[in-house]
Amino acid sequence: GHNPSLPILADAGNGIRVFVPDIGMFIASLTIWLVCRNIVQKPVTEEAAQYNLEFENEELAAGEKADSEDALMDGDADGDGAEGELEESAKLKMFRRVASVASKLKEFIGNMITTAGKVVVTVLLGSSGMMLPSLTSAVYFFVFLGLCTWWSWCRTFDPLLFSCLCVLLAIFTAGHLIGLYLYQFQFFQEAVPPNDYYARLFGIKSVIQTDCSSTWKIVVNPELSWYHHANPILLLVMYYTLATLIRIWLQEPLVQDEKTKEEDRSLVCSSNQKTAERKRSLWYAAQYPTDERKLLSMTQDDYKPSDGLLVTVNGNPVDYHTIHPSLPLENGPAKTDLYSTPQYRWEPSEDSTEKKEEEEDEKEEFEEERIQEEKRSVKVHAMVSVFQFIMKQSYICALIAMMAWSITYHSWLTFVLLIWSCALWMIRNRRKYAMISSPFMVVYGNLLLVLQYIWSFELPEIKKVPGFLEKKEPGELASKILFTITFWLLLRQHLTEQKALQEKEALLSEVKIGSQENEEKDEDLQDIQVEGEPKEKEEEEEAQEEEQEDEDEDQDIMKVLGNLVVAMFIKYWIYVCGGMFFFVSFEGKIVMYKIIYMVLFLFCVALYQVHYEWWRKILKYFWMSVVIYTMLVLIFIYTYQFENFPGLWQNMTGLKKEKLEDLGLKQFTVAELFTRIFIPTSFLLVCILHLHYFHDRFLELTDLKSIPRKEDNTIYSHAKVNGRVYLIINRLAHPEGSLPDLAVMHLTGKKLAQLVDEKTDGSPGKAEKGELEGGSEEPEEGEDEEEESEEEEEMSDLRNKWHLVIDRLTVLFLKSLEHFHKLQVFTWWILELHIIKIVSSYIIWVSVKEVSLFNYVFLISWAFALPYAKLRRVASSICTVWTCVIIVCKMLYQLLTGDGENRMPNENQTNIPLQDLNKSLLYSAPIDPTEWVGLRKSSPLLVYLRNNLLMLAILAFEVTIYRHQEYYRGRNNLTAPVSKTIFHDITRMHLDDGLINCAKYFINYFFYKFGLETCFLMSVNVIGQRMDFYAMIHACWLIAVLYRRRRKAIAEVWPKYCCFLACIITFQYFICIGIPPAPCRGEGTPPLFKGADFNDNIIKWLYFPDFIVRPNPVFLVYDFMLLLCASLQRQIFEDENKAAVRIMAGDNVEICMNLDAASFSQHNPVPDFIHCRSYLDMSKVIIFSYLFWFVLTIIFITGTTRISIFCMGYLVACFYFLLFGGDLLLKPIKSILRYWDWLIAYNVFVITMKNILSIGACGYIGTLVKKSCWLIQAFSLACTVKGYTMPEDDSSCRLPSGEAGIIWDSICFAFLLLQRRVFMSYYFLHVVADIKASQILASRWVRQLI
């Protein structure tokens, strides 16, 4: 036969599952039975029996738990002292401890279930209802919706009705659980299959599949999801919660009701009864402020003494209303009012003195508790304030939830929420209208939940409604419930505020009516008052004033912090909006609607840079247009996701699907749709916040026509900043006093320390000590007062040390703020000085880095704007507008589907070898003609536009700097400095006043003094870096300028030189752009002349446009540096004619060349430095006395480092000056300069000749190596510029690459110019006079010897 035990033995896991529960129940039952039998049958003594009786009373009386435990503990203490019963008392003690722990645990769980029972039941109802949508679960879900909606309408449930509802739900849940359990049997599953219509309608699932042949096995249904398994667990938890809550309610109503009635009776009838309940009620009424009572009334139901089923006291305590029936609910008593005002007596009495003493005793009893709970009440008050603030802003959460709901779940029903929320966001007083529409939000949200719940039934008969309703999982239904919670909170907040407003209006009307009655009562009370009562009234008023001051300080701190945050948002929130423009435009693939976003942004920035006042006028309308456009984008993208809309758009517009995708209309997946909708939505919120909250204040802040004075400014006033800092610090560390405004006094460090020390010496502790010592004459209280004074002195010392630390940290913080402000002002000034150099340098660098026809406009603008200062403002505006045009064109070019027109010549129609022709741009690879214009396709578009966007940012920053400085000077009543210097207090008078002032002077005016020499050096640098045809032209201009010799003559020709530099850099950039590749059909580089031999090196040296060897645009950077220095020098030439500049910086007038040093030394305008009275004089001696010989050393090194014909001239000049240099220094300045200028002319001639000969060294070096090696060696010919093709090394003719170049010539040129300035300085006359005096003394000494 068949043995059913064998499969169980084979399946050990199921065998354990079958037998272990029975074994466990047997062991647990046996243990409990033995313990109970042992307790009942053991003989006990009288005391033990008493303890046992108390233990049983504790089990029976649930309302007297605390008293029973105290009695047990007292009995335990008595039992420890008993003799002869140690073993039994030990066992009873152990049992009592176990019972105590169990009772406390039971009490804790009971309190949790009782206080949060409604919330837990509601949450479980919602969870159980949405876990498995069905007809049975709909009961839980609709009860959940009803409870939440009822709560949102500020309605309360009658406790009896709620308890009845819980009983009915418990019965229904039990039946539901029984039905689910029975359905797991095979019989019921066969009777009603799981796929049956009614099984799916009622949500009956076969979680376990059983088999009568193998009953011990549990086979989980693999076709079910996780929520099918979680549904029975949730139902079981809900049933247990409901059963526990009902059991607690059934155990405690009578006791609680009787206890409440006794408390009410005791409070009303007797004023002498000092019960613990009364004390706690008094303390509660005194400690909980008005805001906390409001919070309790908002979050909980109103308490009624007749509600016997409720255990906790909800809302305000009964004691408070019983004691103060005349006061309104919102205005509770202050902390000190409770014990000092006669109004708080329970009943009138003839003996007022006794009642007064009783109240004083109560004050002493509760003083310690009040001090201990003070900090906790402060924290609770802060939490209440935060909670109230959050509840007041609940409309924001509701609006965000509406948008999130519509974005997350796409349908026409949620589209209503999107439009609704956008409309509310656009309204200025959105909070008011959000509150008004909150009932409709709740109704509509509940409707969506109900519809979604019905369509979530697992019934194929319920079809999907495209665009409206789809089947969703329980998780999505839960998220929708979370969104609806914000609607419920908003509605409750709306009704709560309405109720509070009505109560306030009623209170105001009662105050007006009852004001006369109160005056009459006050007059009557004044006649009845005893002698001690006026003092009490004064103390009460003082306490009220102190509390009012504390509240004002709290409000001041919050107001200060709030103003700081708001001021920061006003200034910088517009940058957040600008950043969101970039985020919206460049996130993902570029499409047309993103380009329009960028067009709007570029229009705003361009108008800001070009015309500031127009920008301020249209800024509001700009943000409004951005908001409207964003709403249209949201609507179009949202509606395009529906099934029928792509075909509708194609029929309406006639565009193909690809073109619509270029516009941004595309059907996305759920994740992509969330991103595409969320980003514009966030941008919409950011713009609306700026438009409604910060725009008007921002316009006031940026108004340059009505600039507020520094004293009236609420943001930048130093005194107000100091006051804010001290307010916060005082509240932090000085609750009893305030700090002196030390920073306003402008004290030094020593005075500050003295002031703080004096404050420490005159501390309250010492004052108290002196008063206590003065009162120590009384013999009875002397010792107590001394002890108290010592303790107070120690506390005051600790407090004073802490206050001293806070004082000094505060002063340091204010000083750091002051230094930071100075650093900020200095940084703005430095930027104002050099922003034009930064802007022009960056624009030229971008133009050179990306050579194209588009960038030609930038180079032309700044090439002529630098030398002509009046054109700089126009150049900035042109570059701003043109940059915006380029950005838009580059973005639009990304939308083109083609790759441009690619051209390849059919055959080689030139005489260029095929090897070289493959290097040509035309023949190496397919080309895009639009690259010549400046357009190309790039996948990271933001990287491609980075240079143009940075250029736009720098141009906007430039005009921001100018306007910021204008605003700053207008606010501080300042004028722009005459000289653009860093150290404004340093003038020409400080040049001879120490090394530091001398260094500051040259930091201010170095270019003013040596700008011309700097320009000459930059010209030589251009020649040395390029060594081509245009470098030769620069060398010719250098010779022409130096030929003028005199500074006045050079200043006359300098504007022409600047114009030449601007024209030549513009022409060279045009050559770099070259010929467009599209017209070139089968032609390489057409020769300039028929039969001319133009190799690559010659084309490079001539800087001709070519497709094989393109001109190097980096050379234009050196030309630009020369142009920038020349433009600054032109400004210097103009400033030299201004009297104010000459007074500050000194004049640049050259010394008279016919001066006699000996006769002029007494009238020299500069001080004599020969005797070295300071380090500055020693430096002057080194420069003016010995620089001449050092320059001769440089000339000697220049002539000996290389071997060529040119170097021989340097050696001849060096030996000549070494031979006749001493006598030359004693000649007139005119004679010295004649010889020195000839040396400079030779140096420039050598530089120019090396540049001219570079055509052979770079262009025809191969021919020279083969035929004219002597010429290479004689002139040291070698190409020093990279990029030229050099021949291979030939042993018969080595190239002097290490000896070529003009590096040493340039160094020699620099020192020659410096020595020329030394010769033309008044300081040099002191050197000449000293040499002459030395010669005279030497000759006299020789005569005496003879």
side-chain contact (heavy atoms from CB on, under 4.5 Å) partners for T1066, two or more places apart
Y856, L859, I860, A863, F864
Set of side-chain contact (heavy atoms from CB on, under 4.5 Å) partners for S939, sequence neighbours left out
none
Give the ring-plane orientation class for [X] versus [Y], where under 30° counts as parallel, over 60° as perpendicular and anything between as tilted.
X     : Y     : answer
F603  : F622  : tilted
F581  : W623  : tilted
Y1001 : Y1005 : tilted
F1016 : W1054 : perpendicular
H611  : W614  : parallel
Y608  : Y612  : perpendicular

Could you list the donor-acceptor pairs under 3.5 angstrom formed by side chains in residues 588-602, with sequence neighbours left out?
from, atom 1, to, atom 2, distance (Å)
K594, NZ, E587, O, 2.1
K594, NZ, K589, O, 3.0
Y597, OH, T630, OG1, 3.0

Evaluate the side-chain contact (heavy atoms from CB on, under 4.5 Å) criterion for residues S682 and F583: first the C-alpha distance (whole Å), next the side-chain angles of each, then the deciding distance (0.1 Å), finally the verdict.
CA-CA 10 Å; S682 303; F583 193 62; over 6 Å; no
Kindly indicate whether the side chain of C1059, heavy atoms from C-beta on, has any atom under 4.5 Å from the side chain of Y868.
yes
I'd like to know if the side chain of [X] and the backbone of [Y] have a donor-acceptor N/O pair within less than 3.5 Å.
X    : Y    : value
H990 : T987 : yes
S877 : R873 : yes
D703 : K705 : yes

side-chain hydrogen bond (donor to acceptor under 3.5 Å, both in side chains) partners for D696, two or more places apart:
none
Could you check whether W862 and F1120 have their ring centres less than 6.0 Å apart?
no
Under 3.5 Å side-chain donor-acceptor pair for Y893 and T930:
yes
Does anything in residues 938-957 form a salt bridge (charged side-chain N to carboxylate O under 4.0 Å, His left out)? List the pairs, not counting sequence neighbours.
none
For E832 and R969, what are the C-alpha separation, side-chain angles and deciding distance, and is it a salt bridge (charged side-chain N to carboxylate O under 4.0 Å, His left out)?
CA-CA 13 Å; E832 184 182 5; R969 294 182 182 118; 2.8 Å; yes
Among residues at least two apart in sequence or on other chains, which ones pass salt bridge (charged side-chain N to carboxylate O under 4.0 Å, His left out) with K890?
E850
Rounded to the nearest 0.5 Å, what separation is found between the CG atom of L663 and the CD1 atom of I637?
11.0 Å
For the CD1 atom of I1132 and the CZ atom of R1130, what is their distance to the nearest 0.5 Å?
13.0 Å
Around K980, counting heavy atoms of other residues, nucleotides and ligands shown, do more than 12 lie under 6.0 Å from its NZ?
no
